[in-house]
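Down below is the structure, laid out as structure tokens.
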Amino acid sequence: MTERKTPLLDELETGPWPSFVREIKKSAKSPMVQDLLGQLERSYQEKIGHWKHGGLVGVKGYGGGVIGRYNDLPQEFPEVSEFHTVRVNQPSGWFYTSDALRTLCDIWGRHGSGLTNMHGSTGDIVFLGAKTAELEPIFSELTQAGFDLGGSGSDMRTPSCCAGPARCEWACYDTMNFTYDITQAFQDELHRPAFPYKFKIKAAGCPNDCVASVARSDLALIGTWRDAIQIDPAAVRAYAQDGKLDIQRDVAGRCPTQCISWDAKAQALAIDDENCVKCMHCINAMPKALSPGKDRGATVLVGAKAPIVEGALLASVLVPFVKMEAPYDDIKELLNAMWELWSEHGKNRERIGEFIQRIGLGNFLEQIGLDPAPEMVTQPRTNPYIYYDLN
Amino acid sequence: MTERKTPLLDELETGPWPSFVREIKKSAKSPMVQDLLGQLERSYQEKIGHWKHGGLVGVKGYGGGVIGRYNDLPQEFPEVSEFHTVRVNQPSGWFYTSDALRTLCDIWGRHGSGLTNMHGSTGDIVFLGAKTAELEPIFSELTQAGFDLGGSGSDMRTPSCCAGPARCEWACYDTMNFTYDITQAFQDELHRPAFPYKFKIKAAGCPNDCVASVARSDLALIGTWRDAIQIDPAAVRAYAQDGKLDIQRDVAGRCPTQCISWDAKAQALAIDDENCVKCMHCINAMPKALSPGKDRGATVLVGAKAPIVEGALLASVLVPFVKMEAPYDDIKELLNAMWELWSEHGKNRERIGEFIQRIGLGNFLEQIGLDPAPEMVTQPRTNPYIYYDLN
Amino acid sequence: MAAEPTKRKTDIGPPNYEKFLPPIIKENYGKWKYHENPRPGVLVHVAESGARLYTVRAATPRLMSIETLRLFAAIADEFCGGYLRFTSRNNVEFLLADEGRVDPLVARLRKEGYPVGGTGPGITNIVHTQGWVHCHSAASDASGVVKSLMDALFPHFERMDLPAKVRVAFACCLNMCGAVHCSDIAVLAVHRKPPKINHERLAKTCEIPSTVAACPTGAIRPATVDGKQSIQVIEEQCMFCGNCFTVCPSMTMADPENDGISIWVGGKVSNARHEPMFSKLAIPYLPNNPPRWPEVVDAVKNLVDVYARNGRPFERMGEWIERIGWPKFFKLTGIPFTKYHIDDFRHAGESFRRSAHVRQTPEG
Amino acid sequence: MAAEPTKRKTDIGPPNYEKFLPPIIKENYGKWKYHENPRPGVLVHVAESGARLYTVRAATPRLMSIETLRLFAAIADEFCGGYLRFTSRNNVEFLLADEGRVDPLVARLRKEGYPVGGTGPGITNIVHTQGWVHCHSAASDASGVVKSLMDALFPHFERMDLPAKVRVAFACCLNMCGAVHCSDIAVLAVHRKPPKINHERLAKTCEIPSTVAACPTGAIRPATVDGKQSIQVIEEQCMFCGNCFTVCPSMTMADPENDGISIWVGGKVSNARHEPMFSKLAIPYLPNNPPRWPEVVDAVKNLVDVYARNGRPFERMGEWIERIGWPKFFKLTGIPFTKYHIDDFRHAGESFRRSAHVRQTPEG
Ligand code: SRM
Ligand code: SRM
Ligand code: SRM
Ligand code: SRM
Ligand code: SF4
Ligand code: SF4
Ligand code: SF4
Ligand code: SF4
Ligand code: SF4
Ligand code: SF4
Ligand code: SF4
Ligand code: SF4
């Protein structure tokens, strides 16, 4: 098998940032990867991709987890004429042991291109480039090793979360456990697409939202607290004395609700917690002195998505505060109620965020049995087009 | 003619606020007003109005200026079976002499109910309740006295303005003269409806917008300035010493862009005029110390309206700054360009603000020959649905 | 009777305002330096020349008999050379050069029943509309509600005792001729039942395509009703705006039992500090209760009182609410938050809280 | 070859994360007190117990060979008992209890070509997508653009020298798998020509109703083209989103001449200070210029440089722009403002400046 010439790609092997081209070449003993290099070089020359849709592929009994991929140059690059993606459900918080990693490498080395994404944008381990015939063997070896596939298509997508309590002092609930629990609880919804469209869940331990849940998940659980921010006055003074931080300008001055008052003389910081919107800024700026309150839980938001079809949406508040305790029954009930309504009345390829806007948030709440709360909106309606219900 | 019994209305004659019922009764020698009292008392009993649409009425050669009104109880209240409104174009800034007022009273006393609104919401002198036969006589006597009708229907509505330079130190252009000039210049557009829908013009001398132009006019001219706010340091110190005003908290602290710095020790106020958005607050709070800059003109905004049909709109910036000098040719050209485009492509009963949203502000600007400017938006687009034009 | 004009004049436009300006204004036109507001209803504008113009502002009911206009004219002649004006909120203003005449004028106006006030941080006249006095579209009366409200709010007209100006407006239907949509407190009469269709008259009186087009929610469809060309209304899609009635008299909205009044808060027009804002829904419905609408009066008084207690200097009602947040507003006013408060029209989603910025309520 | 499984397992879900946590994390799980960021790429988390967990974060290209994963595994065994994790932005993190091993580990990773950094106020890995490596929908390559950008931005990865975090994201089509829509700097590949329709295959490969429904602007109509059931596209209504192609392979978007890249700024996800925001259009189009996309690299560097010079501490790019205003942003960056910058989709009107709050430009 002749080494492919890839002059354009080769230019991407230089420079300080680790090179994906070098990565591809590391696996170049695989004939699939040889053809991939060839096809990719061709794309770089022609400024156009060479992949196309194709028949759905997958593993027995699952509707999701594999993305079928075919090329439009099967003659030139036969080894990538089938080049499917296998999505493997990552462990909570993307924690691994070296053994676990090696196990995955062994399986993927035997049956595929040897190329991966660690990780996909949704959070899965992505095996990049498998032939149809290899899918079942990959699956059975994965399950033997204790791994399972992730989601794709109109199903519950692989939930993901931040490191949370495993590696962060600000976690207001156990993101790792919640994500594991919910993923196990909804295996059927994950593997067998039955929704109008995809449904993503992301769990962030605090309002810093290190998994971008507010932008990228149909259901976002963002840790927060109800009581007062914990202040360590001694540590506050330490920050003041150390002097690197301008507490008035950069902490109090940047509080979105201006609810912090800084007494420079006394070197004391006071917070009007009633007006604190739990943005995290002051805590971020003074991690040794401030921390979230003790009465912790999460704000539940719904409906984030990318632009297709009606335009991108950020998630919006559905439950201002919920305690997050295993087995998370209230969240599971909420999910079931939402899924039932959406599955019955949602249009094909209508994300739940678009669905809510179409039927109206007020009606949506009524249907799933939640009370309207002013926390759900930035302001009450301004237009007088009210559907008074006199019946 | 028997005095009508109006027990419900009579209850509205008491109380400190001047009573419209007493006003109506002041004219009760008119049989029309007798019937009006009767019909109104009936509405108060039944909680329902008794007016209805009817054939268009007006004066010869005009399409606007008169609102036809008929009742649905002609038997009971024959004298108000025809009870039309005559809109009379007010003088700029609603200034009158006692003689001018009396002249209007004489004409209206001879030919109508004797009831008026000083003024209607658009700004006209409103004669309330005329019979069809009286319209021509009223019109001819008005014109003899130097008055003309205002607008109604799908025409240019009667422009109005704040007192401006006549009675206000903050007027950044001559609202009174502009309003008179523009009204005279577009008499045909005012009297002969030829637009898709109504078009209102309001002129405010400064951003305090005392004629609510930003909420109530299809074209709003709001006085502003380009250079630095004028500061009288001595007067500033006077405010500081007098002590009634907390300059840090209530002036600097309430500046929307936080571009004011207050030096309490030096009792000196400094403004970063580059970031001043000309909101007027600091000037309002310290009228003796601060005033608008010297390089004055107006910001032109377009498209305000009430909810019908697509929802209410506030006016939006069309020209960030224009010098306002008689004969206001640039404004007149702008109006002609907008009217031409809107008249050709606007739907029936589509206000220009709705029209702009339908065809896109970018396209609208292109059509009327204005360059896009970032001042026209709060932020650039967030959705990627861009109509790239490669031709 | 006036002599018939020799030749019919048209398109002459309004009289030139200059004829109506008092000498002190002509002399100092555009040369005012600053103003003071020495007492409620009295303004002093000081010109660069040093000249001092005194303005005395008095209440009017807006709906006025010519007898009252003649009275104002007479008073103007007596006190200020016959010069007066009206304001954009329908008050009357007398323009004096002579400070000594101010007190007598104030006393005289009060005696005649047109009290002086309405300036500064308080409550001035209520911008309003026709109502049952003259409009076919009205879901309530305008003048009656306004009179009842201003009687109750009157102390704030005569005193400048609020954190900032409170602009109250009234409109008798969703056409909003009072342009209530940007008021600190907007009182808006509403219908709550779909139009009653008179199929007999409809074909004759209405243009069916434009009637269908009039509906913001597309609730109107063409239909043939017992042989006649007419329309039908999908009632679940109707939100009672009455726009169909505006274009088609055969679709009536008025309903004595169900018409009533909604209350909106936190709008503003000026650019001072915060940009202009729409009013937002506070109370979806209160009954029509003539002649004095007690429920409406109490609700508005409550809003003003809560604001008076909690607002800070210069803070308009909407600015105050933004500072404390809407949850607190509903708590302080005791108004329940309902599904009606959540927008569900075109841009509804833009009003959803799309962040975790929540003022949390401590347990218990 | 692995022995065939006796019984086929399904629905087992992911492994329990607990198996993968190092002892120090197990012991201090949920009991962390605070953290420090002593140097770029190194974090120290201090537990209530006093235990100190060291994290060393290294860059990855995300697209990795299993050889590299085996290398990471070996390094983890050598330095930290085999414990490692990946981040939500595709960096790798090694978790150490022993401070002494930090420097050697950092050195080793650098030597292997996986430099350490990405923490604090700087630039970390670029969230991105498949591009020409694997997706049919791509208007550009992902990995190539990202590599070119990170080579240029690399100093900000190794240094914490910006006012705040700058999150850069890339997506190769409007589906935005990189969820670029809330990034400080979003690099988005775009098509600019309507779909080319293969009427031959369409009827066979596509469901016509769902294809018509897929179009956000209703530009697609069913049509019969030389006898065949197919669709037609009203080209003036097409804004090139490619959603039709997603549901119908016979409508191809890719076009070597006209595809390219747009750049968006000022988005954020965190709730810190300002609520989360979408990114806004900065540059409508730059050409596809593989292998190193110099125009794109220069544009992004310019944005970062201008922000670095003008932003204040803690101020994310979007917060900085809000402070100075968009007119100033376009002036400072030298980017022309065009009609493309003005929204014209569904809620366009919500982005118009509906007030007189304008930063005026003094004459001349
Ligand atoms: C692999 C991945 C990108 C990556 O390189 O990481 C990906 C790849 C594809 N996405 Fe995605 N999406 C991926 C994460 C996302 C995300 C980000 C996220 O999940 O946080 C988004 C934006 C958030 C969201 O869901 O809105 C995303 C929004 C889309 C959309 C638009 C959905 C929408 O409602 O706007 C489509 C179009 C569709 O669903 O038909 C799409 C469709 C696709 C398809 C299946 C293309 C297609 O039309 O068939 C891509 C297959 C590429 C390939 O050849 O492998 N992908 N996709 C990500 C999944 C890996 C994983 O499982 O971990
Ligand atoms: C008389 C007046 C109310 C008043 O008591 O002052 C008035 C009265 C009527 N308005 Fe108005 N509008 C009046 C100012 C307004 C304003 C306020 C303003 O101009 O600043 C508005 C809101 C601003 C705007 O234009 O959007 C206003 C928005 C409407 C609308 C809704 C227009 C829209 O696009 O939303 C209608 C409905 C229509 O045009 O068909 C309307 C329609 C009407 C009609 C003609 C009712 C109808 O359907 O025929 C009313 C006749 C009442 C009557 O019997 O006399 N009126 N109308 C005002 C005109 C007096 C004058 O000329 O000075
Ligand atoms: C006479 C009048 C203009 C006219 O030509 O008729 C007028 C006159 C003055 N206005 Fe006004 N405004 C008048 C309607 C308005 C309106 C329009 C409206 O209410 O529909 C507004 C916008 C209201 C809103 O924002 O919703 C208005 C917002 C202001 C403001 C901004 C207040 C704020 O903080 O938002 C000022 C500044 C101030 O009060 O310090 C102002 C200031 C003034 C000054 C001080 C200007 C001056 O130096 O002469 C005048 C006396 C103020 C006072 O009454 O306290 N005027 N003013 C109007 C009197 C109405 C009335 O009878 O009460
Ligand atoms: C490891 C990771 C979570 C994970 O489970 O993988 C993480 C970890 C931390 N984040 Fe994060 N964030 C991580 C992605 C994010 C994201 C998501 C994203 O970028 O897609 C965000 C939202 C970004 C945005 O707003 O667009 C994010 C917004 C923050 C913020 C808020 C920053 C701000 O001012 O807006 C903080 C607070 C801070 O930096 O002071 C924060 C703070 C932290 C802390 C200090 C939390 C802690 O005490 O451990 C961690 C180290 C910070 C650092 O890297 O400088 N983390 N962080 C992610 C590392 C990504 C990477 O490899 O670089
Ligand atoms: S989201 Fe909050 S809890 Fe989770 S890692 Fe980020 S900062 Fe920590
Ligand atoms: S968390 Fe945010 S809102 Fe709360 S006090 Fe700190 S900075 Fe202010
Ligand atoms: S708008 Fe400005 S100029 Fe006109 S009266 Fe009001 S404050 Fe004076
Ligand atoms: S006019 Fe407004 S924006 Fe300008 S300095 Fe004064 S308060 Fe600030
Ligand atoms: S608001 Fe409605 S009812 Fe009142 S006058 Fe205007 S159109 Fe008539
Ligand atoms: S009232 Fe309004 S919503 Fe109802 S049918 Fe008529 S136009 Fe449509
Ligand atoms: S962004 Fe578009 S092209 Fe890129 S992976 Fe996602 S769907 Fe494919
Ligand atoms: S590319 Fe988008 S806008 Fe154009 S036809 Fe296809 S779906 Fe419609």
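Hydrogens, waters and symmetry mates play no part in the numbers below; they use all other heavy atoms, side chains included. Below, read A as the first sequence line, B as the second, and so on, with proteins coming before strands; counting in each chain starts at 1.
For D/E93, the part lying near chain A is the side chain, with the backbone staying farther off; criterion is any non-hydrogen pair under 4.5 Å. There is no contact between A/S160 and chain D, counting heavy-atom distances below 4.5 Å. D/V127 touches chain A through its side chain: at least one heavy atom from C-beta onward sits under 4.5 Å away, while N, CA, C and O do not. Only the backbone of D/E112 comes within less than 4.5 Å of a heavy atom in chain A; its side chain stays farther off. Only the side chain of D/L95 comes within less than 4.5 Å of a heavy atom of chain A; its backbone N, CA, C and O stay farther away. In this structure, chain D has heavy atoms under 4.5 Å from both the backbone and the side chain of A/N177. D/D259 does not touch chain A: none of its heavy atoms, backbone or side chain, sits under 4.5 Å away. There is no contact between D/N258 and chain A, counting heavy-atom distances below 4.5 Å. A/A289 does not touch chain D: none of its heavy atoms, backbone or side chain, sits under 4.5 Å away. Contact of A/A171 with chain D is not made at all, since no heavy-atom distance falls under 4.5 Å. Heavy-atom distances place the side chain of A/R192, and not its backbone, under 4.5 Å from chain D. A/T85 touches chain D through backbone and side chain together, each having a heavy atom under 4.5 Å away. Neither the backbone nor the side chain of D/H274 comes within contact range of chain A; no heavy atoms are under 4.5 Å apart. For a residue to count as touching a neighbouring chain, one of its non-hydrogen atoms must lie under 4.5 Å from one of that chain's; by this rule D/H181 touches chain A with the side chain only. Looking at A/T183, the atoms closer than 4.5 Å to chain D (heavy atoms on both sides) all sit in the side chain, from C-beta outward. Looking at D/K33, only its backbone comes within 4.5 Å of chain A, counting heavy atoms on both sides. In this structure, chain A has a heavy atom under 4.5 Å from the side chain of D/L43, while its backbone stays farther away. In this structure, chain D has heavy atoms under 4.5 Å from both the backbone and the side chain of A/R167. If you measure heavy-atom distances from A/A163 to chain D, the contacts under 4.5 Å come from both the backbone and the side chain. In this structure, chain A has heavy atoms under 4.5 Å from both the backbone and the side chain of D/L84. The contact between A/H119 and chain D is made by backbone and side chain atoms together, counting heavy-atom distances below 4.5 Å. With a 4.5 Å cut-off on non-hydrogen atoms, A/L12 touches chain D through its backbone and its side chain both. In this structure, the portions of D/H134 lying under 4.5 Å from any heavy atom of chain A include both its backbone and its side chain. In this structure, the portion of D/K19 lying under 4.5 Å from any heavy atom of chain A is its backbone and not its side chain. Of the atoms belonging to A/I125, not a single heavy atom falls under 4.5 Å from chain D. Residue contact with chain D, scored on non-hydrogen atoms closer than 4.5 Å, involves the backbone and the side chain of A/I48 alike. Using a 4.5 Å cut-off between heavy atoms, A/Y70 makes no contact with chain D at all. Both the backbone and the side chain of D/F245 come within less than 4.5 Å of a heavy atom in chain A.
Smallest separation of non-hydrogen atoms from D/N288 and A/K47: O-NZ, 3.2 Å. The shortest non-hydrogen separation linking A/K305 to A/G311 is NZ-O, 3.2 Å.
In this structure the side chain of D/C215 never reaches within 4.5 angstrom of the side chain of D/C244, judged on heavy atoms. Between D/F72 and D/M64, the closest side-chain pair of non-hydrogen atoms falls below 4.5 Å. Taking 4.5 Å as the limit, every side-chain heavy atom of A/N71 sits out of range of all side-chain heavy atoms of A/F83.
In this structure, A/C161 SG and A/Y180 OH are separated by 13.0 Å, a value rounded to the nearest 0.5 Å. Taking SG from A/C279 and CG from A/N208, the interatomic distance works out to 8.5 Å, rounded to the nearest 0.5 Å.
D/F345 meets the ring-ring contact (aromatic ring centres under 6.0 Å, His included) test with B/Y385; sequence neighbours excluded. Applying the disulfide bond (SG atoms under 2.5 Å apart) rule to D/C206 yields the partners D/C248; only residues at least two apart in sequence or on another chain are considered.
Salt-bridge check for D/E315 with A/R254: passed, with a basic side-chain N closer than 4.0 Å to an acidic carboxylate O. Salt bridge D/R346/A/E310: present, at least one basic N to carboxylate O contact under 4.0 Å. Using a cut-off of 4.0 Å between Lys/Arg side-chain N and Asp/Glu carboxylate O, A/R110 and A/D106 are scored as not salt-bridged. One finds a salt bridge joining A/E13 and A/K25 here, because a Lys/Arg side-chain nitrogen approaches an Asp/Glu carboxylate oxygen to under 4.0 Å. Ion pairing of A/E136 with D/R8 is present here, as a side-chain N (NZ or NE/NH1/NH2) and a carboxylate O approach within less than 4.0 Å. Using a cutoff of 4.0 Å between basic side-chain nitrogens and carboxylate oxygens, D/K147 and A/E23 are not scored as salt-bridged.
Side chain to side chain, D/Y114 and D/T68 meet the donor-acceptor criterion of an N or O pair below 3.5 Å. Residues A/D148 and A/H191 bring a donor and an acceptor atom of their side chains to less than 3.5 Å of each other. Looking at A/Q184 and D/N16, their side chains never bring a donor and an acceptor atom within 3.5 Å of each other.
By the 30° and 60° cut-offs, the orientation of the rings of D/W132 relative to D/W293 is tilted.
Contact tally against chain D (heavy-atom pairs below 4.5 Å) for A/G49, A/C105, A/G93, A/S27: the top residue is A/C105. With chain D as the partner, the residue from A/L36, A/T143, A/D209 showing the most heavy-atom pairs under 4.5 Å is A/T143. The most heavy-atom pairs under 4.5 Å with chain D, out of A/I283, A/N89, A/V214, come from A/N89. Heavy-atom pairs under 4.5 Å with chain D peak, among A/K52, A/R102, A/M280, A/K347, at A/R102. Heavy-atom pairs under 4.5 Å with chain D were tallied for A/P287, A/G114, A/P256, A/G61; the largest tally goes to A/G114.
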